Amino acid sequence: MNLDKNYDPVKYEPKIYQNWIDGGAFKSTNKSSEYFSIVLPPPNANASLHLGHNLTVAVEDISARYNRMQGRDTVFIPGADHAGFETWVVYESKLNKEGKTRFDFTNKQLYDQVWDFVASNQQTMLNQLKKMGISADWDRFTYTLDQKVVNQVHNTFKKMWQDGLVYRGERLVNYCTFHGTSFSDIEVVYENQAGKLWYLKYPLKDSQDFIVVATTRPETILGDTAVAVNPKDKKYLSLIGKTVVLPITNREIPILSDPMVESDFGTGAVKITPAHDINDYDLAERHNLPMISVINKQGIMDGDIPVQYLGLSVSEAREKIINDLEKLNLVEKIEDYSNRVGYCYKCHTVIQPLLSKQWFVKMKPLADAAINQLEQSRINFYPSSKLNQSIEYLKNIRDWNISRQIAWGIPIPAFQNKLDENDWIFDERVNQDELTINGKTYLRDQDVFDTWFSSGQWPYTLLDYPDGESFKKFYPLSLMETGGEILYQWVCRMIILGIYITGEIPFKNVYIHGYVLADDGSKMSKSVGNVVDPIPLIDKYGSDAVRIGLIIGRTAGVNRGFDIRKIEEGRNFANKLWNIARFIKSKTDETFSYDDNPNPTSPQDRWVLSKLGEISKTVSELLENYRYSEAFDAIYSFTWNDFADWYIESSKTQLNVSVLSYCFSNILRIVHPFAPFISEAIWGNLNWQKGEFLATSSWPEFKFSEVADNDFQTIINLTTEIRFVKATLGAETKLNLESNNPLINKQLDTLTSLSKLSTAKEGAGGSGLKLHSADNVWINLSASEIKNFINSLKKQKQDQLATIRNLEARLQNKSYLEKAPAHLVVETKNDLATHKFNLEELDKQLDSF
RNA sequence: GGGUGAUUAGCUCAGUUGGCUAGAGCGCCUGUUUUACACACAGGAUGUCGGGGGUUCGAGUCCCUCAUCACCCACCA
């Protein structure tokens with residue numbers, strides 16, 4: 001079969017992927033006790049993949065394919081995430097478009113509807129993963145709502161329940177009044193907002209005096225339960241312990257001291273509203289203050305407050321209260337002020353800190369165990385800076401609110417006594433809304449788990465903890481790879497939960513990739529409209545090209561703009577491979593049989609084989625250290641600059657098919673993790689090793705180092721010199737070479753071809769331009785031709801002189817001779833000798849004219 | 001406020017434990033359709049490695065400092 005002039009990825013990729021799957025190429029082999037295990041961070045089943053996903057797949061798949069070829073028993077487990085809140089938001093807006101709301105349905109109905117909605121969209125995402133070339137075992141595919149995941153989540157919750165690590169408490173939570181659910185701390189985004197700072201006068205009891213407090217939220221005055229000052233603040237010392245009569249409600253509240261208060265902000269006195277501010281809440285806990293809720297979950301003024309404020313929105317209440325206070329002459333002043341406001345990361349509604357009954361996980365003991373493991377460096381982080389960032393996060397961690405008031409997610413397996421709100425029981429029969437136990441009726445909690453509570457258990461859940469064969473073999477995972485934005489949400493929680501449940505770290509290495517930014521360096525975002533969809537790119541340039549384009553020049557943890565030129569570079573490389581294949585194919589026929597033990601006969605054979613061995617070793621060392629870009633760079637430049645530009649070119653005069661095919665076969669192996677589709681396409685077309693996928697073949701061994709010699713390097717240097725002569729004198733110049741050098745004499749044909757010589761012959765030489773890259777080789781130029789070359793020689797001479805001066809200065813430095821490592825000094829001396837020799841040769845050339 | 005990273009050729013970026021003449025791709029200039037490849041081939045130009053200081057025989061690399069940018073964490077009422 002003839003190959004087209006250019007590689008057309010669309011023609012090959014889908015078929016190759018299907019062949020891999022049909023042939024079981026990505027299955028665990030059980031052939032080795034060494035393993036490599038990795039799981040795909042499950043993408044949202046309901047959404048399309050973006051370039052960041054493609055980068056994730058690229059990085060993970062390179063490692064998976066490389067390790068598979070190394071003979072390690074390899075699993076790459078794919079999955080999809082129900083993405084609780086994310087998907088819920090999409091579905092709820094779909095409902096709204098249809099003129100319906102969540103209140104038109106029961107939670108059970110909603111759950112079923114979203115299930116179908118996701119199921120019908122999920123295939124898109126899965127097909128996209130396949131287009132990206134992911135070498136995953138699809139039989140192990142897991143969805144975060146699969147029964148085994150639900151079971152594990154329930155078991156974990158039960159264990160925490162029994163260990164006293166989970167509690168139900170009325171705590172201050174971040175609450176989105178639009179979506180009607182609470183959030184964890186890290187789901188709130190803060191932004192600067194221009195606002196006001198109101199200075200309010202609070203009358204002291206039995207006195208004409210006031211204490212002035214500054215606030216950005218005057219409406220919360222209705223829920224104040226104290227005024228706080230710094231204990232060291234002299235101007236308020238006498239007031240500590242006094243009582244304030246809260247304006248409007250006339251409630252009496254204490255003035256107390258707490259180091260949290262900063263004397264130099266505002267007036268140095270703070271109103272304390274525990275039910276609606278996280279710092280105030282903490283302070284109230286310390287001082288045992290009552291907590292009075294005045295805003296409800298709809299963002300409406302509610303509770304035990306004066307009737308005129310009931311039912312007002314927060315902003316209406318703010319206006320009215322300021323108005324009322326001004327009438328009472330209790331507003332001292334108003335300043336413009338820019339403060340940080342928390343917003344819902346989805347709908348940008350202002351987050352209300354509200355007291356709410358939620359399930360919490362006590363994080364301190366769990367985090368301590370994780371910190372302990374991290375501080376022992378049990379997990380390698382790439383980049384390493386992420387290790388300390390993680391430890392810092394774990395040290396400051398707060399209790400985790402794991403309940404969400406939405407329908408879409410894993411139900412919390414807890415039931416509450418209908419007659420006793422403090423009587424909760426654990427029960428996994430979450431398909432029932434009501435249980436009767438010992439004559440008591442229990443109602444199921446309608447909340448679901450935070451998505452991260454289930455995805456945080458991904459590693460051991462996927463591997464069928466505790467009894468699964470997979471768990472025994474593949475845990476801890478070899479590598480966890482993901483984006484930096486979910487280091488805390490996901491990676492840290494996996495570490496915490498993995499250690500808690502299994503007693504062992506969940507993975508040995510963490511690789512964090514940076515963002516794929518837009519080409520101008522800004523963040524890609526749907527609302528800005530600068531998102532690049534990888535799928536059209538894959539269709540246009542090929543999956544391999546996109547993969548290569550994403551990893552070139554990328555290092556762990558560093559954000560970088562998307563650059564189409566890198567994709568083009570990837571495509572060009574794929575096409576280069578393709579054309580090397582075409583060339584080799586033209587030199588072989590049906591009778592050709594591949595030999596894994598080639599027979600080197602020429603200097604170029606030995607040269608290319610020893611280089612290949614080095615490259616195989618280099619790439620594998622770099623990949624073992626997750627240096628993807630450098631690894632690709634190494635095989636790229638060997639393939640292009642050494643193999644194609646020198647070895648193939650010299651093959652045109654001295655063909656050794658056994659070495660040629662051997663090298664290319666091994667290049668394909670090394671290239672495979674970076675360019676799986678085209679390497680497999682060529683492998684199949686060449687049909688040298690019948691019945692075996694490249695994907696399941698083995699990584700080249702380092703051999704042929706013993707055959708290295710420098711003879712071909714001399715030919716390369718000589719060729720480069722002659723080409724330069726020719727380029728300097730003009731391409732039409734006829735160059736005739738005469739050699740009195742035995743090595744060169746054997747390579748005259750090759751040299752003629754590579755250097756575009758008119759003639760090359762053995763002879764005594766001695767006239768014309770003496771070349772310096774090899775001994776006793778001349779170009780028979782006339783005196784007038786050489787004249788045109790003299791300037792170039794003079795420049796070369798200046799370069800040589802500069803280098804020689806540099807080296808001599810170094811060798812005259814006593815400290816250098818004494819303190820630098822001996823081998824460097826020797827190298828310097830050798831360099832000096834070489835350059836001096838070059839200078840002499842140049843002088844001879846110049847003298848000869 | 002705290003932290004992390006970045007600043008290297010016109011552009012996008014590499015450059016592990018300090019080691020000599022700092023690299024890649026694209027772009028640019030000159031030439032070429034030469035037995036696979038113009039998604040190519042050959043040759044060439046381009047960098048006071050952000051500024052300043054220090055350690056060292058030697059600094060893009062280590063330390064200090066300043067500047068600019070990005071991100072993360074906390075959040076001051």
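Note that this is a predicted model, so its numbers are computed, not measured. Order of the sequence lines fixes the chain letters, A, B, ..., with proteins taken first and strands second; residue numbering starts at 1 for each chain.
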How would you label the contact of A/Ile648 with the nucleic acid (heavy atoms, under 4.0 Å): base, sugar-phosphate, or nothing?
base

Rounding to the closest angstrom, what is the interatomic distance between B/C28 and B/A45 at atom C1'?
8 Å

With a 4.5 Å cut-off on side-chain heavy atoms, are A/Tyr236 and A/Asn230 touching?
no

Rounded distance in Å between the P positions of B/A67 and B/U56:
28 Å

Check every strand shown and say whether A/His823 touches a base, only sugar-phosphate, or nothing at a heavy-atom separation below 4.0 Å.
nothing

d(CG, A/Leu754; C1', B/U34) in whole Å
11 Å

With heavy-atom distances below 4.5 Å as the criterion, would you say the side chains of A/Leu325 and A/Leu200 are in contact?
yes

Measure up the A/Tyr636 and A/Phe573 rings against each other and bin them: parallel (under 30°), tilted (30 to 60°), perpendicular (over 60°).
tilted

Are A/Lys566 and A/Glu568 close enough for a salt bridge, meaning some N to O gap below 4.0 Å?
no

Contact class for A/Gly561 (heavy atom, under 4.0 Å): base, sugar-phosphate, or nothing?
sugar-phosphate

Roughly how far apart, to the nearest Å, are B/U8 and B/G3 at atom P?
25 Å

Is A/Lys566 near enough to B/A14 that one of its side-chain N or O atoms lies under 4.0 angstrom from OP1 or OP2?
no

In terms of side-chain heavy atoms, does A/Thr828 have a donor or acceptor partner in A/Tyr816 at a distance below 3.5 Å?
yes

It should be established whether A/Tyr337 places a side-chain nitrogen or oxygen under 4.0 Å from OP1 or OP2 of nucleotide B/A77.
yes

Between CG of A/Leu197 and P of B/A77 the distance, given in whole Å, is 7 Å

Taking the P atom of each, how far is B/G50 from B/A9, in whole Å?
8 Å

What residues 538-558 of chain A contributes to the RNA chain B interface at heavy-atom separation below 4.0 Å is A/Gly553, A/Thr555, A/Val558

Can you tell me if A/Lys271 and A/Thr273 form a side-chain donor-acceptor pair at under 3.5 Å?
yes

Heavy atoms under 4.0 Å is the rule here; annotate nucleotides 37-44 of chain B 5' to 3' with B where the base is hit, S where only the sugar-phosphate is, and - elsewhere.
BSBSSSSS

May I ask you to say what A/Glu827 touches in the nucleic acid, namely base, sugar-phosphate or nothing, with a heavy-atom cut-off under 4.0 Å?
base

Quick one: label A/Glu262 by what it contacts on the DNA or RNA (base, sugar-phosphate, nothing), any heavy atom closer than 4.0 Å.
base

Check the distance between B/A24's P and A/Asp642's CG and give it to me in whole angstrom.
13 Å

Does a donor on one side chain sit under 3.5 Å from an acceptor on the other, for A/Tyr647 and A/Asp642?
no

I want to verify a distance call: between B/U34, B/C11, B/G5, whose nearest atom is closest to the A/Ser385 side chain?
B/G5

What contact category does A/Pro383 fall into here, base, sugar-phosphate, or nothing, at under 4.0 angstrom with non-hydrogen atoms?
nothing

pair A/Ile548-A/Glu569: side-chain heavy atoms closer than 4.5 Å
no

Rounded to whole angstrom, note down the P distance from B/G52 over to B/C57.
23 Å

NZ or CZ of A/Lys333 within 45° of A/Tyr199 ring axis and under 6.0 Å
yes

Lys/Arg N to Asp/Glu carboxylate O, A/Glu808 vs A/Lys829, below 4.0 Å
no

Ranking B/A14, B/C75, B/U56 by distance to the side chain of A/Glu630, first place goes to B/A14

Considering every strand and a 4.0 Å limit on heavy-atom distances, what is the contact class for A/Asn388: base, sugar-phosphate, or nothing?
nothing

Separation of atom OH in A/Tyr515 from atom C1' in B/G5, rounded to whole Å
13 Å

Strictly by modelled atom types, are A/Asp224 and A/Tyr202 linked by a side-chain donor-acceptor pair under 3.5 Å?
yes

Quick check: closest heavy atoms across A/Lys201 and A/Pro247, and the distance to 0.1 Å?
O-CG, 3.9 Å

Calculate the interatomic distance between A/Lys395 atom NZ and B/G2 atom C1'; express it in whole Å.
15 Å

Protein-nucleotide distance (A/Asp280, atom CG; B/A77, atom P), rounded to Å:
11 Å

Using atom CZ of A/Phe562 as one end and atom P of B/U12 as the other, report the distance to the nearest whole Å.
15 Å

Check whether A/Tyr515 forms a cation-pi arrangement with A/Lys523 (NZ or CZ under 6.0 Å from the six-membered ring centre, at most 45° off the ring normal).
yes

Regarding A/Thr653 and A/Thr750, is there a side-chain donor-to-acceptor distance under 3.5 Å anywhere?
yes

Euclidean distance for P, B/A24 against B/U33 (whole angstrom)
27 Å

Please state the P separation for the pair B/A74 and B/C69 - nearest whole angstrom.
24 Å

Toward the 5' end of RNA chain B, by each residue's nearest nucleotide, A/Ile580 or A/Leu807:
A/Leu807

Describe the nucleic acid contact of A/Ala731 in one word from base, sugar-phosphate, nothing, applying a heavy-atom distance below 4.0 Å.
sugar-phosphate

Under a 3.5 Å cut-off on both pairing distances, which runs of 3 or more consecutive Watson-Crick or G-U pairs involve RNA chain B?
B:1-7 with B:67-73, B:10-13 with B:23-26, B:28-32 with B:40-44, B:50-54 with B:62-66

Between A/Leu832 (CG) and B/U21 (P), how many Å, whole number?
13 Å

Looking for any heavy atom pair under 4.0 Å, which part of the strands does A/Ser586 touch: base, sugar-phosphate only, or nothing?
nothing

Quantified in whole Å, what is the C1' atom distance between nucleotide B/U21 and nucleotide B/G47?
13 Å

